[in-house]
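Remarks on the structure that follows.
Proteins get letters first, then strands, A, B, ... in listed order; numbering begins at 1 in each.
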Amino acid sequence: MDEDFDKDEL
Amino acid sequence: MNIFRLTGDLSHLAAIIILLLKIWKSRSCAGISGKSQILFAIVFTTRYLDLLSTFISLYNSCMKVIYIGCAYATVYMIYMKFRATYDGNHDSFRVEFLVVPVGGLAVLINHDFSFMEILWTFSIYLESVAILPQLFMISKTGEAETITTHYLFCLGLYRALYIFNWVWRFYFEGFFDLIAIVAGVVQTILYCDFFYLYVTKVLKGKKLSLPA
């Protein structure tokens, strides 16, 4: 699973 | 960004500042679990390594720097500056029972088997249980200072608000991250017992004391 998880959460 | 995430972050920031000021002004860390604070410092360090590589926004970078700075300042005050007031006897939770399983789980269940992604997953899982030494310490001492309960309330509220943020993002952005959601729900559930005591006692002006 290599969805693009945008890590914009703190 | 949505209102739940913003208020969640501000609640988290409030918790961190409340704790820092409590220790600094009272020059005492009595009743505070140093182990939980070390775990939080590890959580922020492993999650915010991207500070060096990715710029998301000024808000994002500033908050990360503040969180990491306050976390290490708190650990420094507990174990160095005011170590004479640290209640090590009651801060006896075996954190290795948290870190090892969480580390194993992060290697097994993650979105991508890469170094940064596993570190991020580790920090998400660790954060969900990082408060356990603090809750354990309160159960052992049978009480908590009122300011400490306000700290815990803000800390618990932050992740509860994040759950509403994830619901919001699922409906309006189609975004969801199962790992963060499951860990966030577990984290919030761990506070339920405390939330009940906080609402029924502290908000009524009583001191939080547990039947020893």
Please list, in residue-number order, every residue in [range] that has a heavy atom less than 4.5 Å from any heavy atom of chain A; write 'none' if there are none.
range                       : result
residues 157-165 of chain B : B:Arg159, B:Tyr162, B:Asn165
residues 39-72 of chain B   : B:Arg47, B:Tyr48, B:Asp50, B:Ile56, B:Tyr59, B:Asn60, B:Met63, B:Lys64, B:Tyr67
residues 180-192 of chain B : none

(request) Among residues two or more places apart or on two chains, list those pairs meeting salt bridge (charged side-chain N to carboxylate O under 4.0 Å, His left out) that have a residue in residues 18-44 of chain B. (result)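 Every salt bridge (charged side-chain N to carboxylate O under 4.0 Å, His left out) pair that includes a residue of residues 18-44 of chain B, provided the two are not neighbours, is B:Lys22-B:Glu145.
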(message) Quick one, B:Met1 with A:Glu9, criterion side-chain contact (heavy atoms from CB on, under 4.5 Å). Give me CA distance, side-chain angles, the key distance, then yes/no.
(response) CA-CA 9 Å; B:Met1 177 60 81; A:Glu9 292 183 348; over 6 Å; no
